[in-house]
Structure formats: structure tokens, C-alpha cells
There are 2 protein chains.
Amino acid sequence: MLSTTQNYESGTTALHAVHHQTSLHSLFCKQPFEHLTAGKALFFESDDAVDVFEILEGTLRIFRIIADGRRVITGFLYPNDIVGISLGGRYLYSAEAVTSVTLRRLSRRRFDAAVTESDHLRPQLFALVSDEMAAAQDQMVLLSSKNAEERLCSFLLATLRRQAASSGNRTTLELPMGRQDIADYLGLTIETVSRTMTKLVGKGAIQIDGVAARNAITICRPVLLAQMAGDEDDRSREPRLTIVRGGRSH
Amino acid sequence: MLSTTQNYESGTTALHAVHHQTSLHSLFCKQPFEHLTAGKALFFESDDAVDVFEILEGTLRIFRIIADGRRVITGFLYPNDIVGISLGGRYLYSAEAVTSVTLRRLSRRRFDAAVTESDHLRPQLFALVSDEMAAAQDQMVLLSSKNAEERLCSFLLATLRRQAASSGNRTTLELPMGRQDIADYLGLTIETVSRTMTKLVGKGAIQIDGVAARNAITICRPVLLAQMAGDEDDRSREPRLTIVRGGRSH
DNA sequence: CGATTCATTGAGAGGCTTCAATCAGCGTGG
DNA sequence: CCACGCTGATTGAAGCCTCTCAATGAATCG
């Protein structure tokens with residue numbers, strides 16, 4: 001999705017080219033690369049949202065710290081993602097590099113100006129925000145109604161899908177983040193994540209290939225994993241009965 | 001469904017007035033009123049997002065039904081809220097009336113056109129989406145790290161704040177929705193909500209005034225409730241130490 | 001007044017967390 | 001080169017919170 005992969009020094013320097021661009025990513029194409037080493041912060045929740053960023057390489061986590069000091073990770077960001085479009089002056093969350101990260105920066109002022117002018121760009125921005133909203137909804141569903149096993153399976157499948165989309169279908173995936181990150185993202189403890197992972201291995205659903213801290217995982221039985229994720233649409237076997245709960249629709 | 005009753009004939013008929021409007025709400029001002037009785041659906045998750053709605057009176061719940069038939073309520077909508085701006089062709093969730101609801105409808109096509117044209121309206125729409133996003137983030141934090149008591153206190157406080165904003169500061173609030181709705185919104189069961197409510201009464205934090213199914217609640221000790229909500233910013237007493245967790249920022 | 005719906009309360013069970021110890025990989029320094 | 005320490009992951013045991021199942025209570029409506 002949203003290609004525009006690595007436009008290493010395109011020769012185009014014409015400013016009006018912006019108007020021919022079909023992608024939001026083009027806005028960043030003349031910005032210099034920046035690098036973040038693992039663990040470094042990109043911005044904090046309280047910061048003025050002065051810049052917008054395009055991720056070129058690596059993984060970021062976006063999160064909030066709550067009163068008792070715990071951390072809630074609300075999402076991960078990967079290459080081709082754009083971050084910082086949280087409207088309203090201030091970022092809604094902090095962002096840190098999980099791995100080493102390469103990115104480009106654009107001032108919000110220029111980003112907003114470009115989007116305002118272009119009839120091509122505006123729908124793209126809406127689509128982006130829409131995706132973010134949909135992801136937030138999915139996460140709410142996950143957090144409010146799934147158990148540890150379902151959460152982990154959902155996470156593994158989502159990660160697999162994303163990596164398959166960007167680099168061809170595969171049965172193997174890499175988890176750039178550590179167990180603690182996964183735990184904070186799924187609303188679990190690190191121990192539960194670890195135990196559940198072992199349980200999945202025991203069931204033959206997955207296989208842990210990695211030896212280092214950066215884990216690689218093979219999905220042995222994708223279908224089983226999908227069933228265990230708990231958002232199976234297997235309305236095929238049971239009679240169509242849409243309104244079962246919700247009560248007062250008599 | 002959606003009997004288009006009571007078109008209360010506002011006197012203003014000037015079409016060009018639209019361009020002077022400063023508010024998104026103005027877009028709806030010439031639309032006829034519609035009514036929903038409690039429990040009736042406004043739209044479903046799978047529907048084409050053909051319309052946008054302005055709530056004038058009453059309460060709506062927006063939710064998704066997951067595979068096992070359970071319901072996850074992702075939000076409630078109140079007067080002056082606008083619903084249906086879920087970009088991307090299809091609604092992200094279903095919407096049902098909690099109470100009797102009065103609203104106005106506008107086609108997405110016209111809504112989008114108006115927003116696209118007006119430099120006044122666009123920032124408003126962004127602000128709206130931004131609020132929705134912030135609310136989703138808060139809900140994720142609530143669901144992934146708060147216990148039953150903290151969730152209920154947060155909910156009561158949020159409800160109090162909203163009602164205080166719309167009708168003067170007060171210590172009393174009304175819960176238009178039933179216990180099952182609250183439970184599905186907070187990711188709990190109806191029994192836990194009930195028990196926690198009783199516990200709060202026992203602590204003297206709140207008081208239940210209502211006798212009917214539609215409950216009225218008095219906040220006896222707002223400060224206590226805020227403490228129990230768990231998003232207390234009491235960094236005032238402890239030394240400023242922003243980076244305690246998150247690990248690898250050595 | 002009985003039937004229905006919604007809320008409350010109780011008892012038991014289960015899943016996740018907490019606390020704690022062990023294991024594995026990796027870099028550093030002797 | 002190996003010992004040591006550090007970090008991150010795994011495993012174990014006990015406890016707590018919430019869910020599940022079940023019964024009762026309260027209010028509305030025919």
C-alpha cells in the first residue's frame with residue numbers, strides 16, 4: 001500500500017512538481033534523511049506538533065505514560081507510515097524508536113499548506129486518518145473483549161499481514177519490538193505474553209526461530225492462528241441471526 | 001425506519017447564508033427533524049456511509065458486534081455531536097438510539113462538498129476528527145490499564161464534565177444508558193458494574209438518586225472520584241522524574 | 001396482580017498479575 | 001579465552017480481580 005518507496009535523490013527539483021504529485025509521500029522527497037538510534041524519542045506527548053514525519057526504515061512505538069508510571073503503547077509505526085498528523089497543536093502521544101529508524105521531517109505548516117491546496121492530497125490525508133481511526137477501533141475491541149491468546153494471535157496475524165503486503169507472501173515474520181513492548185501494546189504483562197507464546201508453540205501454531213533478542217517467528221498453521229484470534233466470521237455454519245444481543249429491539 | 005416527522009420550518013431560507021456560516025452545524029439547519037425511538041438503529045457497520053447526522057436530542061451508542069455475538073460499545077453520542085464522518089465509504093460501527101433521539105440528516109455528498117469549499121469548515125472537521133481520535137486513545141488507555149473501579153470513576157467523571165459543560169456546573173448527573181451499555185463500553189460485565197457502583201456508594205463517593213431504570217447520580221466527593229479514576233496528575237508531591245520507565249534511554 | 005425487564009447480590013471458578021527465580025545471549029574486561 | 005555482569009525472556013507459585021452461573025429484588029406495564 002502507498003508505494004513511493006525510496007526515492008533516492010530524484011532529479012526533479014521543480015517546485016510546481018508538487019502539484020503533479022499523486023502521493024503525500026512526495027511532499028517529503030526533498031527533505032534530508034534523519035536517523036534515530038533504538039530507544040531515542042522522536043517527540044513527546046506534551047510537545048507542540050510542529051512537524052510531520054515519514055518513516056523510511058525501522059519501527060517506532062507511540063505511547064502514553066499514565067499516572068502510576070506504566071506505559072500504554074497505542075500503536076507501532078513502520079516504513080511508509082506518516083506520523084504526527086494528530087491535529088490540534090499538540091501530539092496525542094509520545095513516539096520512540098524501537099529499532100534504528102530512518103525518517104524525513106516536514107514542518108506542519110508546509111504540510112498543512114500543501115494538503116489544503118491540493119485536491120489530490122486531501123482525500124489521501126482523510127484516508128490516512130480513517131485508517132488510524134479504524135485501527136483504534138480494532139484495538140478497543142481487542143482490549144475490551146479478547147483474552148491473552150486471542151490478543152497475541154491477532155497481533156501476530158496483523159504483523160504477518162503487514163509484512164506480507166510489503167515483501168511478498170510469507171509464513172515467517174519478524175518482531176522488531178521486545179516482549180515488554182508487545183505486552184504494553186496488548187494490555188498484558190510480559191510474563192503473560194511469554195507464557196502465551198510458549199502455549200502457541202506447544203499447540204503447533206507457531207515456531208520461534210530467532211535466537212537473539214530480535215525474534216523471528218514462523219507461522220506453522222495460519223488458519224488455526226486465525227481461528228484463535230477470535231474475529232472469525234464463521235457465520236457460514238450457523239443460521240443467520242444478526243440480532244441476538246443488544247436487548248431492546250423487540 | 002426513521003420516520004421523517006416534524007419539520008419545524010425554520011424561517012431562514014437564504015441559500016447563500018451557508019457561506020457565511022461559521023459552524024458545521026449550520027449545514028444541517030434546513031434539514032428536517034427525524035426521530036428515533038429507544039433501541040432503534042440509525043445505521044449498521046456494513047452500510048454505505050451515505051449520510052452524516054447531527055444529534056439534537058437524546059443519546060446514541062456506537063458499537064461493533066464481534067464474532068461470538070458480544071457487543072463492544074466504542075462510544076456514546078450526545079446533542080451537538082456529529083456522527084457518520086467515518087471516512088472511506090462505509091461506517092466503522094453501528095449506531096443505535098439509547099433514548100429517544102432527535103436528529104438531522106445530510107447527505108455525505110453535500111457535506112463533503114461544503115467542507116471542501118469552505119476554509120472555515122475544514123479546520124472544524126479536523127478538530128472533530130481530532131477529538132474523536134483523542135477519545136479513542138483515552139479509551140484504549142482505560143481498557144488496557146485500569147481496573148473496574150478506575151474505569152467506572154473515569155466514566156462518571158467524563159459524563160459529569162460533559163453535562164456540566166452543557167448545562168452549568170453541577171454535582172449531579174444522569175445516566176441515560178443502562179448498566180449493560182455501561183458494561184459493554186467499559187469492557188466489564190453488568191455484574192461488575194453493579195458491584196463497583198455499590199462499592200462507590202459505600203465509600204461515600206457517589207449517591208444513587210434515581211429510582212427508575214434511568215439513573216440519576218450525585219457526586220458526593222468529586223476529588224475522591226478523580227483520585228480513584230487513576231489519571232491523577234499528582235506529580236506535585238514527588239520530584240520531577242519524567243523518564244523512569246521505557247528502559248533503554250540510558 | 002402477574003409478567004417482563006433491569007439491577008443487585010452471592011458463591012464459585014478461572015485467568016491474569018505479582019513476586020521471584022532461572023535461563024540464555026552478549027559484551028566487557030581480566 | 002573464559003569469567004563475569006547485564007539485559008531480556010522464560011518458568012513457577014500464589015493471590016487477586018473479574019467472570020460465570022444463579023437467585024433475589026425493584027419497577028413498569030398490560
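In what follows, chains carry the letters A, B, and so on, assigned in the order in which the sequence lines appear, proteins first and then strands, with residues in each chain numbered from 1.
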- So, are B:R90 and B:D48 salt-bridged, with charged N and O less than 4.0 Å apart? yes

- Interatomic distance where CD1 belongs to A:I208 and P belongs to D:dG8 [whole Å]: 17 Å

- Whole-Å distance separating the CG atom of A:L152 from the P atom of C:dG15: 16 Å

- Are A:L156 and A:L200 close enough, and set up right, to give a side chain to side chain contact (heavy atoms under 4.5 Å, CB included), and what steps lead you there? CA-CA 11 Å; A:L156 291 176; A:L200 292 183; 4.0 Å; yes

- What integer distance in Å separates B:E150:CD from D:dT18:P? 9 Å

- Item | Atom-pair distance (NZ on B:K199; C1' on D:dC17), nearest Å | 9 Å

- Query: Hey, is CD on A:E34 packed in by over 12 heavy atoms from elsewhere, all under 6.0 Å?
  - Reply: yes

- Message: Within the 3.5 Å criterion, strictly below it, is a donor on A:T172 or A:T218 matched to an acceptor on the partner's side chain?
- Response: yes

- Query: Per the atom types in the model, does the base of C:dG15 pair as donor or acceptor with the side chain of A:R195 at under 3.5 Å?
  - Reply: no

- Item | Options D:dT18, C:dC16, C:dT8, nucleotide nearest the side-chain atoms of B:S194 | C:dT8

- Query: Counting just side-chain N and O atoms, does A:T192 come under 4.0 Å of either OP1 or OP2 of C:dT17?
  - Reply: yes

- Integer-rounded Å distance: D:dC17 C1' and A:N147 CG: 16 Å

- Item | B:D184 (side chain) donor-acceptor with B:D181 (main chain) under 3.5 angstrom | no

- Query: Roughly how many Å is it from CE in B:M177 to P in C:dT5, rounded to a whole number?
  - Reply: 21 Å

- Rounded to the Å, how far apart are B:I190 CD1 and D:dC19 C1'? 13 Å

- Is the base of D:dT20 touched by the side chain of B:R70 through a donor-acceptor pair closer than 3.5 angstrom? no

- B:D184 CG - D:dT18 C1' separation (whole Å): 15 Å

- Indicate whether OP1 or OP2 belonging to C:dT9 is found under 4.0 Å from a side-chain N or O atom of B:T198. yes

- Message: So for B:E149 and D:dC17, does any side-chain atom that can act as donor or acceptor lie under 3.5 Å from a complementary atom in the base?
- Response: no

- Minimum-distance nucleotide to B:R179 side chain [options: C:dA7, C:dT9, C:dA20]: C:dA7

- Is the shortest side-chain N/O distance from A:T189 to OP1 or OP2 of C:dT17 below 4.0 Å? yes

